[in-house]
Amino acid sequence: MSLLIVGTVAFDAVETPHGKVDRMLGGAATYAAVAASYFTPVRLVSVVGEDYTAREHAIFRGRPVNTDGLERVPGPSFFWSGRYSPDMNDRTTLDTQLNCLATFQPKLPAHYRDSRYVFLANIAPSLQLSVLDQLKRKPTLVALDTMNYWMDTALDDLKTVLRRVHVLLINDSEARQLSGHHNLIEAAAIIQRMGPKAVVIKRGEHGSTLFLGRHVFVAPAMPLSRVTDPTGAGDSFAGGFMGALVKAGKHDVAALRRAMIYGSVMGSFAVERFGLDRIRRLTPAQIHARAKQFRHLVHFDL
Ligand code: AMP
């Protein structure tokens, strides 16, 4: 079973207390696809410009990532630049250049249209919607990630697509912005009424929480002595989370709880190096070993 992913494939400029990179491959779909590819085959839908070359494309080589849905167009790729606060809990977006994304109309290759598992990574909500509209039949599980940029510029479209989503993955400040509520339990309840039955609220180094009806599950973040670059942690979390669900072939509470841990595992790897440097070089054994560390981290007897 494959996981269909739509989102940005981008160039990023990132500044953290540990250094600065002026230009590197990034994008929500890139992180999510690489992370998910350790669990399940991926079908990628995105757009890149002329500045995206074989060098960048090498990230997908040797992985079960089908890139027939990655369109190449004239002009530059999507570009994002951000700076992290000294404690890395906050980041400021310095620049967002939509470039080729501004006119992108995703066309799903015919062999993608039977996809049953879909991850709508961060991209314009109208594009997320268009991908859902092109599926041959109602998908089994649709998850969505978004950010404040789209809440500020395309809130109506976002609310429309949310009605067709099962799982929303969102960070705490975005959950507060979307719901208009500060308390995250209240916020999750309000968001659940917008469509997604399950809401995963990510809180960086404080871990993430799954709200599913009255069911709540908390996954810690891995305590790391050094976080180099938090960029892409959320997307890697989502890739691990969805990848684990597709691999399990079910999405009951037990599968969702396990997926939360695999999300945390992939997010924890992502932040160890700049950009995709860490998650592009993992082995299944390393992923399994870290999942076991997580189990140890939260185990206790009563
Ligand atoms: P994350 O740190 O998980 O929130 O994701 C960071 C990635 O999201 C970067 O690699 C950016 O290229 C990408 N990104 C930043 N802003 C946007 C946006 N408005 N829409 C889609 N992707 C974005």
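Numbering of ligands and ligand atoms starts at 1, following listing order.
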Checklist outcome for this item: For Ala10, the atoms of ligand 1 under 4.0 Å from one of its heavy atoms are 12 (O)
Item to check | ligand 1 contact by Phe237, heavy-atom criterion under 4.0 angstrom | outcome: no
Checklist entry - Counting each atom of ligand 1 from 1 as listed, which ones have a heavy atom of Gly234 under 4.0 Å away? => result 3 (O)
Item to check | Gly26 neighbourhood, listing ligand 1 atoms whose heavy-atom distance to it stays under 4.0 Å | outcome: 10 (O)
Checklist entry - Taking atom 5 (O) of ligand 1 as the point of reference, which of Val271, Asp235, Leu276, Asn148 owns the nearest heavy atom? => result Asp235
Checklist entry - Of Val142, Val118, Leu129, Leu120, which is the lone residue that meets side-chain contact (heavy atoms from CB on, under 4.5 Å) with Arg164? => result Leu129
Next on the checklist: I'd like to check which ligand 1 atoms, numbered from 1 as shown, lie under 4.0 Å from a non-hydrogen atom of Tyr31.
Outcome noted: 10 (O)
Next on the checklist: Is Trp150 close enough to touch ligand 1? Criterion: a residue heavy atom under 4.0 Å from a ligand atom.
Outcome noted: yes
Checklist entry - Considering only heavy atoms of Arg91, which atoms of ligand 1 have at least one such atom less than 4.0 Å away? => result 1 (P), 2 (O), 4 (O)
Checklist entry - Under the ring pair (Phe, Tyr, Trp, His ring centres under 6.0 Å) rule, what pairs show up with a residue in residues 267-302, not counting sequence neighbours? => result none
Checklist entry - Which pairs, with at least one residue in residues 121-130 and sequence neighbours excluded, count as a side-chain hydrogen bond (donor to acceptor under 3.5 Å, both in side chains)? => result Asn122-Trp150, Ser130-Gln134
Next on the checklist: Would Phe79 count as a contact residue for ligand 1, given that I'm defining contact as a non-hydrogen atom of the residue lying under 4.0 Å from a ligand atom?
Outcome noted: no
Checklist entry - Going through the distances and angles, do Leu135 and Arg116 end up as a side-chain contact (heavy atoms from CB on, under 4.5 Å)? => result CA-CA 9 Å; Leu135 295 175; Arg116 292 175 52 199; over 6 Å; no
